[in-house]
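Notes for the one structure printed next.
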Amino acid sequence: MTVAVRVHNPFFARVWPVFAAHEAKAVKALRRENLAGLSGRVLEVGAGSGTNFAFYPESVEMVVAVEPEPRLAVKAREAAAGAPIPVVVTDETAEEFSDEQQFDAVVCSLVLCSVSDPGGVLQRLRSLLRPGGQLRYLEHVASAGVRGQWQQLVDATFWPRIMGNCHTHRDTERAIVDAGFEVECARREWTLPVWAPLPVSELALGRAHRP
Ligand SMILES: C[S@@+](CC[C@H](N)C(=O)[O-])C[C@H]1O[C@@H](n2cnc3c(N)ncnc32)[C@H](O)[C@@H]1O
């Protein structure tokens with residue numbers, strides 16, 4: 001069943017391109033690593049302002065990039081024009097998106113925190129992959145201890161409201177396994193010193209495939 005979801009976050013859509021343009025070198029390196037070695041047809045979900053596009057290897061035949069937030073979709077199309085590989089941007093949500101041909105890979109970066117039903121979206125993405133096709137993910141995730149409590153507090157108060165429905169305390173690695181993916185490799189990374197209070201500085205980077 002297709003779930004109708006409207007994504008309209010005008011404040012976030014104004015600030016995100018600024019954040020993305022000033023990302024730390026460490027985050028850029030993780031983006032590049034997340035996309036390394038990809039080939040064939042790739043689906044990128046929630047492309048934002050198209051920050052990943054510059055990092056795709058030339059072995060990728062084409063990227064279909066889903067970005068439903070209207071202001072960000074405009075930015076993504078601008079980034080697509082300068083990308084090293086062909087990129088087509090569509091305004092659909094992950095929930096609505098369908099394609100007649102299955103994809104060789106699906107890329108999620110900093111997006112499974114923002115969808116309303118990550119488990120449902122992951123199942124849909126699995127169905128859009130050919131058997132053996134890879135899910136590449138770079139997602140900030142629930143931390144342990146005091147930082148995890150801080151994440152729960154910000155999620156219950158202001159953070160999703162100003163950050164485009166971003167939820168910082170999600171067990172995304174568990175959701176990937178529960179959606180039927182087989183994880184090939186995964187690790188966690190910190191993009192800021194551990195003491196920094198930003199609730200999104202612990203990232204999970206991994207590769208999984210549709211069995
Ligand atoms: C934090 S931004 C990340 C953008 C980009 N993936 C990146 O790595 O820079 C989250 C993105 O997910 C998009 N998004 C939110 N809900 C979505 C949905 N249901 N389907 C597809 N994209 C969605 C937002 O519009 C936003 O562009």
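We use all heavy atoms of the structure for the numbers below, so side chains are in, but hydrogens, waters and symmetry mates are not. Counting starts at 1 for both ligands and their atoms, following the listed order. Positions are given from 1 along the sequence.
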Can you pull out the closest protein heavy atom to [atom]? Residue, atom name and distance to 0.1 Å, please.
atom	result
atom 25 (O) of ligand 1	Glu67 OE2, 2.7 Å
atom 12 (O) of ligand 1	Val111 CG2, 3.3 Å
atom 4 (C) of ligand 1	Gly46 O, 3.3 Å
atom 21 (C) of ligand 1	Ala94 N, 3.4 Å
atom 16 (N) of ligand 1	Val7 CG2, 3.7 Å
atom 2 (S) of ligand 1	Leu110 O, 3.7 Å
atom 9 (O) of ligand 1	Arg31 NH2, 3.0 Å
atom 8 (O) of ligand 1	Ser109 OG, 2.4 Å

*asked:* With a heavy-atom distance limit of 4.0 Å, tell me whether Thr93 approaches ligand 1 through its side chain, its backbone, both, or neither.
replied: both
*Specify side chain, backbone, both or neither for Met163, according to which of its non-hydrogen atoms lie closer than 4.0 Å to ligand 1.*
neither
Against heavy atoms of [X], which atoms of ligand 1 measure under 4.0 Å?
X	answer
Phe12	1 (C), 2 (S)
Glu95	18 (C), 19 (N), 20 (N)
Val115	17 (C), 18 (C), 19 (N)
Glu69	25 (O)

*Anything under 30° is parallel, anything over 60° is perpendicular, the rest tilted; go ahead and classify Trp16 against Phe19.*
perpendicular
*So, Asn34 and Arg136: side-chain donor and acceptor under 3.5 Å apart, yes or no?*
no
*Test applied, salt bridge (charged side-chain N to carboxylate O under 4.0 Å, His left out); reference residue, Asp99; option that passes from Arg130, Arg41, Arg124*: Arg41
I need the minimum non-hydrogen distance between [X] and [Y], along with the two atoms involved.
X	Y	value
Ala204	Glu173	CB-OE2, 3.5 Å
His169	Gly148	CD2-O, 3.4 Å
Leu125	Leu43	CD2-CD2, 4.1 Å
Glu202	Ala142	OE1-O, 4.5 Å
Pro197	Trp150	O-NE1, 2.6 Å
Ala76	Phe53	O-CE1, 3.3 Å

*Would you call Phe97 a ligand 1 contact, heavy-atom distance under 4.0 Å?*
no
*asked:* Looking at ligand 1, would Ala20 count as a contact under a 4.0 Å heavy-atom criterion?
replied: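 No, Ala20 has no heavy atom closer than 4.0 Å to ligand 1.
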*From the candidates Ser49, Gly164, Pro118, Pro68, the one that places a heavy atom nearest atom 22 (N) of ligand 1*: Pro68
_Counting only heavy atoms from other residues, nucleotides and ligands, does the tally under 6.0 Å from CZ of Arg188 exceed 12?_
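Buried by this count: over 12 neighbours within 6.0 Å.
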*Give a yes or no answer on whether the side chain of Arg31 reaches the backbone of Thr51 with a donor-acceptor pair at less than 3.5 Å.*
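No; zero donor-acceptor contacts below 3.5 Å.
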